[in-house]
Structure formats: C-alpha cells, structure tokens
Amino acid sequence: MFAHDERFDELFIRAAGTAGGIEPLLNAFFSFLHRKTDFYHVHGGVTGETYAAGFAPGQAERMVVAAFRRWPSKPLAGSRLEERRKVSPPPPPKGKASRSGTSLVRYTDEGKQIPIGNGGVASSHTWTQTLAEATVYFEVPEGTRAKDVRCAVATTSLDVVVPNAHLVSGELYDRVVADDSMWTLDRSAGRASLVVTLEKTRETWWSSVFKDADPKERIDTTKVDSTKRMD
C-alpha cells in the first residue's frame, strides 16, 4: 500500500469545508483539472506515437480508479461490511512464488493447488479472484515507475513488459472487459508489485489466469469460497 501523504491535509480540510462536503469537493477538483490541465484532453492513442499532452481514450479515467483503489475501504464498526471483511479470505503473498517457496502452496490428491484467496501461485505471478474479477500480482524491480510499464489488456489476452523483463504474454483463461480492467504499482513490505485487475465478462471461477497454465499452477475450483454474499 502507498504511504500516507499528510502534507496537504490542512489544505484539503479547508477546501472540503469551503466546498460543503466530499461530493462538491470532488466536483470542484475535477472542474479544476478540466479547466486548468490537460487531464481531459484525449489524443489518438496510437502505439509508438509520442504526444506532448493529454491521454489515450479511457486512460485518465483508469488513473482515477487506480488512485481510488490504492486505499482499502474502512467498514463502520458493527456494520455488515465489517463482518464480511472478517471472514474474507486473505490474498496470497504478492509477487513471484519463490523457487524454493513450495510451502506457499498446498495441493490436492489430484495435483491441483488448494486456493489461496480463491487464487493461486504461478512461476511468474500470484493471483486472487472473486466471481466478478481476477487480480494478478507481478513482482517488479524496485524503482520501477508507471511510465516504465507496458501493460496491454485485451479481451482475451494480457501482455506485461517492464524494463529488462517481459513478465508475461498469453491468452487469458476467459474473456475480460478490457476497458474496465486496470493496473497500478504497489510499493509495500519493502518490495514493488504490479497489480493488474481484470474485470470478468461473466461471473465464473477461473482455475488459472492463463489458458496454457501448467497443471500444477491450476487451482481446484471446487475448493474456492463460492459463497456470494448479498448486501
């Protein structure tokens, strides 16, 4: 998780008070971005082209979603959301499974992984999932910047490149909504991870992130926490 930056707290508190609440504050902030910056400017997004300003279609919106998702929700004490959080399975360790780290993984008698966070551990990544989305974690070199990352999510494929490493390229287990999928860099626990969230086109459990996954990297989907909790 990103470190908290408290330098602007007093400024934001005054601004929120002047605006009259969170929603008016957000509206004022995005009005500022629209009027005074190139945040809303859209360029052609042609691969290999360099643009002096603006963003590719949908890129700015994904940046906003990524910034929102960097911080965990905080359920109110005693609420149903707090109870759900207590019983939710934890995600697996972020980054690559260690070469000797088989202790992270347990297997069924059939040789399939017992799910961790409803996902599993592969040689290049770890992952978790819900019925609606799959989240994939890649370990990246410390100091990797967002502009150093090339993460291409298509309906049926994922391709990830960082400096000096082509992390993965392959056909996904099932189709995803590319425009609603996103990625972010997470620097926590002394290491850096690229976190890719894939929005599924249908509610289903994946046995792996990629169709051609090694059999030992597939999970037993009969052992996922298949309870769909209703608010």
Side-chain angles (χ1 to χ4, degrees), residues 1-45 49-86 88 90-91 93-95 117 128 130 132-133 135-153 160 162-163 177-199 231:
M1 194 61 62
F2 281 45
H4 287 278
D5 187 343
E6 301 177 352
R7 293 176 299 166
F8 307 105
D9 284 4
E10 291 188 9
L11 174 65
F12 290 148
I13 289 172
R14 290 198 301 269
T18 301
I22 297 298
E23 187 172 355
L25 175 65
L26 290 174
N27 184 63
F29 178 66
F30 283 102
S31 171
F32 163 77
L33 292 179
H34 188 270
R35 291 179 290 106
K36 300 295 186 179
T37 76
D38 66 347
F39 191 71
Y40 280 85
H41 292 191
V42 180
H43 59 59
E49 292 289 337
T50 301
Y51 297 87
F55 299 88
Q59 184 181 3
E61 184 176 356
R62 288 192 291 273
M63 290 170 59
V64 173
V65 174
F68 175 83
R69 291 185 177 178
R70 284 183 188 137
W71 308 103
S73 59
K74 299 189 289 186
L76 292 174
S79 68
R80 293 178 63 189
L81 286 176
E82 183 183 47
E83 294 303 314
R84 287 175 57 185
R85 188 175 183 180
K86 289 179 180 178
S88 296
K94 297 177 184 178
T128 63
T130 65
E133 64 184 27
T135 304
V136 192
Y137 304 88
F138 299 93
E139 185 177 331
V140 298
E142 191 63 39
T144 298
R145 301 166 297 177
K147 68 178 183 179
D148 298 327
V149 176
R150 181 170 69 81
C151 181
V153 180
V160 180
V162 297
V177 184
D179 289 343
D180 290 343
S181 300
M182 51 161 286
W183 64 268
T184 186
L185 286 171
D186 181 11
R187 297 178 177 87
S188 61
R191 59 186 177 184
S193 296
L194 174 68
V195 183
V196 182
T197 303
L198 303 170
E199 190 76 18
D231 292 330

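Excluded from the calculations below are hydrogen atoms, water molecules and symmetry mates; all remaining heavy atoms, backbone and side chain alike, are included. Sequence positions, counted from 1, serve as the residue numbers for this chain.
Atom CZ of F12 and atom CD of E6 lie 12.5 Å apart (nearest 0.5 Å). Put simply, CD on E139 and OG1 on T144 are 10.0 Å apart, with the number rounded to the nearest 0.5 Å. A distance of 8.0 Å separates OG1 in T128 from CD in E133, rounded to the nearest 0.5 Å. With rounding to the nearest 0.5 Å, the separation of OG1 in T197 from CH2 in W183 is 12.0 Å. To the nearest 0.5 Å, atoms CG (D180) and CG (L198) are separated by 11.5 Å. Summarising the geometry, atom OH belonging to Y137 is positioned 8.5 Å from atom CG belonging to D186; distances are rounded to the nearest 0.5 Å.
Aromatic ring pairs are classed by plane angle as parallel below 30°, tilted from 30° to 60° and perpendicular above 60°; the pair F30 and F39 is tilted.
Judged by distance alone, the side chain of D148 and the main-chain N or O of R145 form a donor-acceptor pair under 3.5 Å.
For L11, the CG atom is densely surrounded, since the number of other residues' heavy atoms within 6.0 Å is greater than 12. No more than 12 heavy atoms of other residues, nucleotides or ligands lie within 6.0 Å of CZ in F29, so this atom counts as exposed by the packing criterion. Enclosure of atom CD in E61 is not indicated, since only 12 or fewer non-hydrogen atoms of other residues, nucleotides or ligands lie within 6.0 angstrom.
The two atoms that bring S181 and E199 nearest to each other are OG-N, 3.1 Å, heavy atoms only. Minimum interatomic distance between A146 and L185 (heavy atoms only, all atoms of both residues): N-CD1, 3.4 Å. The shortest heavy-atom contact between C151 and V196 is SG-CG2, 3.9 Å.
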| query | Going through the checks in order, is the side chain to side chain donor-acceptor pair (under 3.5 Å) test met by S31 and R35? | reply | CA-CA 6 Å; S31 171; R35 291 179 290 106; 3.0 Å; yes
| message | Checking V136 against V195 for the side-chain contact (heavy atoms from CB on, under 4.5 Å) test, could you report, in this order, the C-alpha distance in whole Å, the side-chain angles of both residues, the deciding distance, and whether it holds? | response | CA-CA 6 Å; V136 192; V195 183; over 6 Å; no
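Annotation: side chain of V162 is in contact with side chain of P141 (closest heavy-atom distance under 4.5 Å).
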